[in-house]
Amino acid sequence: MNLKHADTLVVLDFETTGLSPDNGDRAIEIGAVRIVDGKITEQFQALMNPGIRVNSFIEGYTGITNTMLDGAASCSEVMAQFCDFIGDDNLLAHNASFDQKFLDNELSHISRTYKGEFTCSLLVSRRINLDAPSHSLGNLVNQLELSEEGSFHRALFDAQMTAKLWLHMLAQINETYGIERAPFSLMQQIACTPKKQVAKILQNYSIQNATL
DNA sequence: TGCCAGGCCCTCTTTAGGGCCTT
(Lines give C-alpha, C1' and ligand atoms only; values in the text may rest on other atoms or scores of the structure.)
Protein backbone atom coordinates (compact mmCIF):
# COMPACT_ATOMS: atom_id res chain seq x y z
CA MET A 1 0.00 0.00 0.00
CA ASN A 2 1.23 3.44 -0.90
CA LEU A 3 1.64 5.28 2.42
CA LYS A 4 1.09 8.60 0.68
CA HIS A 5 -2.49 7.46 0.13
CA ALA A 6 -2.90 5.48 3.35
CA ASP A 7 -5.87 7.53 4.53
CA THR A 8 -7.44 7.93 1.10
CA LEU A 9 -10.04 5.52 -0.20
CA VAL A 10 -12.17 5.20 -3.34
CA VAL A 11 -15.62 3.73 -2.68
CA LEU A 12 -17.09 2.24 -5.84
CA ASP A 13 -20.22 0.52 -7.09
CA PHE A 14 -21.06 -1.08 -10.44
CA GLU A 15 -24.42 -1.62 -12.06
CA THR A 16 -24.12 -4.50 -14.49
CA THR A 17 -26.03 -6.64 -16.98
CA GLY A 18 -25.98 -9.57 -14.53
CA LEU A 19 -24.07 -11.35 -11.81
CA SER A 20 -21.10 -12.89 -13.55
CA PRO A 21 -18.54 -11.54 -16.03
CA ASP A 22 -17.58 -15.18 -16.59
CA ASN A 23 -20.99 -15.56 -18.26
CA GLY A 24 -20.47 -12.50 -20.43
CA ASP A 25 -22.02 -9.90 -18.16
CA ARG A 26 -20.66 -6.37 -18.46
CA ALA A 27 -20.74 -3.13 -16.50
CA ILE A 28 -23.35 -0.53 -17.46
CA GLU A 29 -22.68 2.14 -14.80
CA ILE A 30 -19.86 3.04 -12.43
CA GLY A 31 -20.27 5.33 -9.44
CA ALA A 32 -17.57 6.22 -6.94
CA VAL A 33 -16.59 8.71 -4.26
CA ARG A 34 -13.18 9.46 -2.78
CA ILE A 35 -12.79 9.67 0.99
CA VAL A 36 -9.84 11.76 2.18
CA ASP A 37 -9.17 12.13 5.90
CA GLY A 38 -12.68 10.96 6.75
CA LYS A 39 -14.51 13.23 4.30
CA ILE A 40 -15.99 12.70 0.84
CA THR A 41 -14.03 14.99 -1.47
CA GLU A 42 -14.75 13.86 -5.05
CA GLN A 43 -17.19 11.77 -7.02
CA PHE A 44 -17.28 9.91 -10.37
CA GLN A 45 -20.34 8.66 -12.23
CA ALA A 46 -20.87 7.43 -15.77
CA LEU A 47 -23.17 5.18 -17.74
CA MET A 48 -21.41 2.96 -20.26
CA ASN A 49 -22.59 1.10 -23.32
CA PRO A 50 -21.75 -2.62 -22.92
CA GLY A 51 -22.46 -3.45 -26.56
CA ILE A 52 -25.17 -5.94 -25.57
CA ARG A 53 -28.83 -5.49 -24.72
CA VAL A 54 -29.84 -5.20 -21.08
CA ASN A 55 -32.70 -7.50 -20.07
CA SER A 56 -35.97 -6.27 -18.59
CA PHE A 57 -35.09 -7.38 -15.08
CA ILE A 58 -31.99 -5.18 -15.03
CA GLU A 59 -33.91 -2.28 -16.58
CA GLY A 60 -36.46 -2.55 -13.79
CA TYR A 61 -33.92 -3.23 -11.05
CA THR A 62 -31.64 -0.30 -11.86
CA GLY A 63 -33.86 2.04 -13.83
CA ILE A 64 -31.14 2.07 -16.50
CA THR A 65 -32.72 1.41 -19.88
CA ASN A 66 -31.32 0.32 -23.23
CA THR A 67 -32.30 3.73 -24.56
CA MET A 68 -30.17 5.43 -21.91
CA LEU A 69 -27.22 3.20 -22.78
CA ASP A 70 -27.56 3.73 -26.55
CA GLY A 71 -26.20 7.24 -26.10
CA ALA A 72 -23.54 6.36 -23.54
CA ALA A 73 -19.80 6.12 -24.10
CA SER A 74 -18.27 2.66 -24.47
CA CYS A 75 -17.10 0.60 -21.50
CA SER A 76 -13.51 1.02 -22.70
CA GLU A 77 -13.74 4.80 -22.77
CA VAL A 78 -15.44 5.09 -19.36
CA MET A 79 -13.23 2.55 -17.64
CA ALA A 80 -10.08 4.30 -18.86
CA GLN A 81 -11.36 7.50 -17.25
CA PHE A 82 -12.29 5.65 -14.09
CA CYS A 83 -8.89 3.97 -13.90
CA ASP A 84 -7.33 7.43 -13.99
CA PHE A 85 -9.74 8.52 -11.23
CA ILE A 86 -8.84 5.74 -8.80
CA GLY A 87 -5.10 6.20 -9.34
CA ASP A 88 -3.14 4.35 -6.63
CA ASP A 89 -5.83 4.61 -3.96
CA ASN A 90 -7.20 1.69 -1.99
CA LEU A 91 -10.70 0.53 -2.83
CA LEU A 92 -13.91 -0.28 -0.97
CA ALA A 93 -17.24 -1.76 -2.04
CA HIS A 94 -20.24 -3.42 -0.42
CA ASN A 95 -19.76 -7.12 -1.18
CA ALA A 96 -16.44 -6.22 -2.75
CA SER A 97 -15.90 -9.60 -4.39
CA PHE A 98 -18.69 -8.71 -6.82
CA ASP A 99 -17.37 -5.27 -7.79
CA GLN A 100 -13.77 -6.49 -7.89
CA LYS A 101 -14.74 -9.17 -10.43
CA PHE A 102 -16.28 -6.57 -12.71
CA LEU A 103 -13.48 -4.03 -12.22
CA ASP A 104 -10.86 -6.65 -13.05
CA ASN A 105 -12.85 -7.85 -16.07
CA GLU A 106 -13.51 -4.39 -17.50
CA LEU A 107 -9.90 -3.27 -17.01
CA SER A 108 -8.65 -6.47 -18.65
CA HIS A 109 -10.46 -5.38 -21.81
CA ILE A 110 -8.32 -2.22 -21.97
CA SER A 111 -5.11 -3.74 -20.57
CA ARG A 112 -5.17 -1.50 -17.48
CA THR A 113 -4.58 -2.40 -13.83
CA TYR A 114 -4.72 -0.74 -10.45
CA LYS A 115 -2.36 -0.77 -7.48
CA GLY A 116 -4.78 -0.32 -4.58
CA GLU A 117 -6.12 -3.09 -2.39
CA PHE A 118 -9.79 -3.92 -1.86
CA THR A 119 -11.76 -4.24 1.32
CA CYS A 120 -15.43 -4.97 1.89
CA SER A 121 -18.00 -3.05 3.94
CA LEU A 122 -20.32 -6.08 4.00
CA LEU A 123 -17.72 -8.28 5.70
CA VAL A 124 -16.84 -5.53 8.19
CA SER A 125 -20.51 -4.87 8.94
CA ARG A 126 -21.11 -8.55 9.75
CA ARG A 127 -18.37 -8.21 12.40
CA ILE A 128 -19.23 -4.74 13.73
CA ASN A 129 -23.03 -4.52 13.52
CA LEU A 130 -23.63 -7.76 15.36
CA ASP A 131 -27.33 -7.12 16.01
CA ALA A 132 -28.24 -6.12 12.45
CA PRO A 133 -30.91 -8.50 11.07
CA SER A 134 -29.69 -7.82 7.53
CA HIS A 135 -26.42 -6.58 6.08
CA SER A 136 -27.71 -5.57 2.67
CA LEU A 137 -26.72 -2.00 1.88
CA GLY A 138 -30.30 -0.73 1.82
CA ASN A 139 -31.25 -2.34 5.11
CA LEU A 140 -28.09 -1.13 6.86
CA VAL A 141 -28.63 2.44 5.63
CA ASN A 142 -32.18 2.36 6.99
CA GLN A 143 -31.31 0.62 10.25
CA LEU A 144 -28.48 3.05 10.99
CA GLU A 145 -30.57 6.02 9.79
CA LEU A 146 -27.97 7.07 7.21
CA SER A 147 -30.50 7.62 4.45
CA GLU A 148 -30.83 10.65 2.24
CA GLU A 149 -32.45 11.54 -1.06
CA GLY A 150 -31.59 9.19 -3.89
CA SER A 151 -32.27 5.83 -5.48
CA PHE A 152 -30.69 2.55 -4.47
CA HIS A 153 -29.36 0.42 -7.32
CA ARG A 154 -27.86 3.44 -9.03
CA ALA A 155 -24.09 3.36 -8.86
CA LEU A 156 -23.28 6.80 -7.45
CA PHE A 157 -25.98 6.68 -4.76
CA ASP A 158 -24.94 3.20 -3.66
CA ALA A 159 -21.28 4.32 -3.54
CA GLN A 160 -22.28 7.37 -1.49
CA MET A 161 -24.28 5.22 0.93
CA THR A 162 -21.43 2.70 1.21
CA ALA A 163 -19.10 5.58 2.08
CA LYS A 164 -21.54 6.79 4.75
CA LEU A 165 -21.80 3.28 6.16
CA TRP A 166 -18.00 3.02 6.24
CA LEU A 167 -17.58 6.32 8.07
CA HIS A 168 -20.33 5.28 10.49
CA MET A 169 -18.51 2.02 11.26
CA LEU A 170 -15.23 3.93 11.79
CA ALA A 171 -17.11 6.12 14.28
CA GLN A 172 -18.52 3.02 16.01
CA ILE A 173 -15.01 1.58 16.37
CA ASN A 174 -13.76 4.89 17.73
CA GLU A 175 -16.62 5.08 20.23
CA THR A 176 -16.23 1.49 21.42
CA TYR A 177 -12.46 1.01 21.31
CA GLY A 178 -11.06 4.54 21.27
CA ILE A 179 -9.44 4.00 17.86
CA GLU A 180 -9.66 7.28 16.01
CA ARG A 181 -10.09 6.69 12.26
CA ALA A 182 -9.02 3.04 12.10
CA PRO A 183 -6.44 2.60 9.30
CA PHE A 184 -7.32 0.73 6.11
CA SER A 185 -5.01 -2.14 7.02
CA LEU A 186 -6.84 -2.68 10.33
CA MET A 187 -10.22 -2.62 8.58
CA GLN A 188 -8.91 -5.17 6.06
CA GLN A 189 -7.84 -7.35 8.97
CA ILE A 190 -11.29 -7.08 10.56
CA ALA A 191 -12.96 -8.06 7.28
CA CYS A 192 -11.12 -11.39 7.13
CA THR A 193 -11.05 -12.26 10.84
CA PRO A 194 -13.51 -14.73 12.40
CA LYS A 195 -16.29 -12.79 14.10
CA LYS A 196 -15.46 -14.05 17.60
CA GLN A 197 -11.88 -12.74 17.36
CA VAL A 198 -12.65 -9.22 16.13
CA ALA A 199 -13.17 -7.64 19.55
CA LYS A 200 -9.83 -9.00 20.76
CA ILE A 201 -8.01 -7.62 17.72
CA LEU A 202 -9.53 -4.18 18.22
CA GLN A 203 -8.78 -4.22 21.96
CA ASN A 204 -5.16 -5.19 21.32
CA TYR A 205 -4.78 -2.55 18.62
CA SER A 206 -6.22 0.06 20.95
CA ILE A 207 -3.81 -0.90 23.75
CA GLN A 208 -0.77 -0.99 21.45
CA ASN A 209 -1.71 2.31 19.85
CA ALA A 210 -2.19 3.96 23.24
CA THR A 211 1.29 2.96 24.42
CA LEU A 212 3.10 4.31 21.37
C1' DT B 1 -30.30 -32.45 -22.46
C1' DG B 2 -29.55 -29.78 -18.71
C1' DC B 3 -27.41 -26.37 -16.64
C1' DC B 4 -26.61 -21.55 -15.96
C1' DA B 5 -22.09 -17.15 -9.98
C1' DG B 6 -19.41 -17.40 -6.34
C1' DG B 7 -17.65 -16.32 -1.87
C1' DC B 8 -18.86 -15.92 2.91
C1' DC B 9 -20.92 -17.70 7.04
C1' DC B 10 -23.76 -20.43 10.15
C1' DT B 11 -25.02 -24.90 11.91
C1' DC B 12 -28.90 -29.69 13.06
C1' DT B 13 -20.72 -28.87 10.30
C1' DT B 14 -16.05 -30.35 8.71
C1' DT B 15 -17.33 -36.99 4.31
C1' DA B 16 -22.76 -30.77 3.88
C1' DG B 17 -26.37 -27.86 3.02
C1' DG B 18 -28.48 -23.65 2.66
C1' DG B 19 -29.13 -18.56 3.34
C1' DC B 20 -27.10 -14.06 2.44
C1' DC B 21 -25.24 -10.55 -0.66
C1' DT B 22 -24.00 -8.33 -5.07
C1' DT B 23 -26.71 -7.23 -10.56
Side-chain angles (χ1 to χ4, degrees), chain A residues 9-33 44-69 72 75 78-79 82 86 91-109 117-144 146-147 150-166 168-169 187-201:
Chain A
L9 185 61
V10 169
V11 187
L12 64 96
D13 183 77
F14 279 106
E15 304 305 320
T16 70
T17 62
L19 292 171
S20 175
D22 290 340
N23 284 349
D25 288 319
R26 298 295 301 268
I28 58 174
E29 187 182 38
I30 177 68
V33 299
F44 184 103
Q45 184 276 330
L47 292 170
M48 59 191 109
N49 189 331
I52 56 178
R53 304 298 286 175
V54 173
N55 65 40
S56 59
F57 171 80
I58 295 297
E59 285 190 319
Y61 187 78
T62 64
I64 300 169
T65 65
N66 283 294
T67 302
M68 292 164 68
L69 296 175
C75 291
V78 169
M79 291 309 301
F82 183 62
I86 63 179
L91 303 166
L92 166 69
H94 199 69
N95 199 13
S97 62
F98 175 86
D99 293 280
Q100 185 172 12
K101 276 189 308 186
F102 278 92
L103 180 63
D104 291 350
N105 183 62
E106 292 299 339
L107 292 185
S108 74
H109 286 292
E117 297 177 14
F118 259 96
T119 195
C120 176
S121 54
L122 171 63
L123 295 180
V124 172
S125 178
R126 282 176 172 161
R127 290 156 173 80
I128 297 296
N129 296 307
L130 298 179
D131 296 329
S134 164
H135 296 273
S136 72
L137 181 61
N139 283 332
L140 284 170
V141 164
N142 290 329
Q143 290 158 24
L144 300 172
L146 306 175
S147 187
S151 299
F152 284 108
H153 310 305
R154 287 302 300 265
L156 179 59
F157 185 76
D158 283 3
Q160 290 169 331
M161 293 301 100
T162 301
K164 278 197 162 191
L165 170 63
W166 190 253
H168 182 86
M169 291 194 294
M187 299 299 277
Q188 273 186 313
Q189 188 178 2
I190 291 171
C192 62
T193 295
K195 188 183 291 185
K196 292 180 179 177
Q197 298 174 23
V198 167
K200 191 68 177 177
I201 285 176

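Computed from a predicted model, the values in this text were never measured in an experiment. Proteins come first, then strands; the chains are lettered A, B, ... in the order of their sequence lines, and each starts at number 1.
Comparing B:dG6, B:dC21, B:dT23 by their nearest atom to the side chain of A:Ser136 picks out B:dC21. Which of B:dC4, B:dT22, B:dG6 sits closest to the side chain of A:Asp22 comes down to B:dG6.
Separating the P atom of B:dC4 from that of B:dG18 is a span of 14 Å, rounded to the nearest Å. Only the P atoms considered, B:dC8 is 33 Å distant from B:dG2, to the nearest whole Å. Rounded to the nearest Å, the gap between the P atom of B:dC3 and that of B:dT22 is 28 Å. B:dG19 and B:dC12 have their C1' atoms separated by 15 Å, with the value rounded to a whole Å.
Rounded to whole Å, the distance from CG on A:Asn139 to P on B:dG19 is 18 Å. If you measure from atom NE2 of A:His94 to atom P of B:dG7, you get 18 Å, rounded to the nearest angstrom. In this entry the distance linking CG of A:Asp25 with P of B:dG6 reads 11 Å, nearest Å. The separation between A:Asn105 atom CG and B:dT22 atom C1' is 15 Å, rounded to whole Å. Spacing between atom NZ of A:Lys101 and atom P of B:dA5 amounts to 9 Å, rounded to whole angstrom units. Spacing between atom CZ of A:Phe152 and atom C1' of B:dT22 amounts to 14 Å, rounded to whole angstrom units. Between the CZ atom of A:Phe57 and the P atom of B:dA5 there is a distance of 13 Å, rounded to whole Å. Atom P of nucleotide B:dC21 and atom CG of A:Asn95 are separated by 9 Å, given to the nearest angstrom.
Residue A:Asp99 is classed as having no contact, given no heavy-atom separation below 4.0 Å to the nucleic acid. At the heavy-atom level, A:Asp158 lies under 4.0 Å from the strands shown only through sugar-phosphate atoms. When heavy atoms are screened at a 4.0 angstrom cut-off, A:Thr17 is found touching no nucleic acid atom at all. Using a 4.0 Å heavy-atom distance criterion, A:Phe102 is classed as making no nucleic acid contact. Within 4.0 Å (heavy atoms only), A:Leu122 reaches sugar-phosphate atoms of the nucleic acid but no base atom. A:Ile28 comes within contact range of no nucleotide atom at all, as no heavy-atom separation falls under 4.0 Å.
Between A:Phe157 and A:Phe152, the two ring planes are perpendicular [angle over 60°; tilted spans 30° to 60°]. Ring geometry for A:Phe14 versus A:Phe82: interplanar angle over 60°, hence perpendicular rather than tilted (30 to 60°).
Counting only residues at least two apart or in different chains, salt bridge (Lys or Arg N to Asp or Glu O under 4.0 Å) contacts with residues 48-67 of chain A comprise A:Arg53-A:Asp70. Legend: salt bridge (Lys or Arg N to Asp or Glu O under 4.0 Å) pairs involving residues 17-26 of chain A, not counting sequence neighbours, sorted by first then second residue: A:Arg26-A:Glu106.
Take A:Lys101 and apply the salt bridge (Lys or Arg N to Asp or Glu O under 4.0 Å) test, not counting sequence neighbours, and it matches no residue. Residues satisfying the salt bridge (Lys or Arg N to Asp or Glu O under 4.0 Å) criterion with A:Arg154, sequence neighbours excluded, are A:Glu29. Under the rule for a side-chain contact (heavy atoms from CB on, under 4.5 Å), the partners of A:Gln197 that lie at least two apart in sequence or sit in another chain are A:Thr193, A:Pro194.
Judged by distance alone, the side chain of A:Arg127 and the main-chain N or O of A:Leu123 form a donor-acceptor pair under 3.5 Å.
Between A:Tyr61 and A:Asn23, the residue anchored nearer the 5' end of DNA chain B, judged by the nucleotide with its closest heavy atom, is A:Asn23.
The side chain of A:Ser134 places an N or O atom within less than 4.0 Å of a non-bridging phosphate oxygen (OP1 or OP2) of B:dC21.
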Heavy-atom protein contacts under 4.0 Å, nucleotides 8-14 of chain B, coded B base, S sugar-phosphate only, - none: SSS----
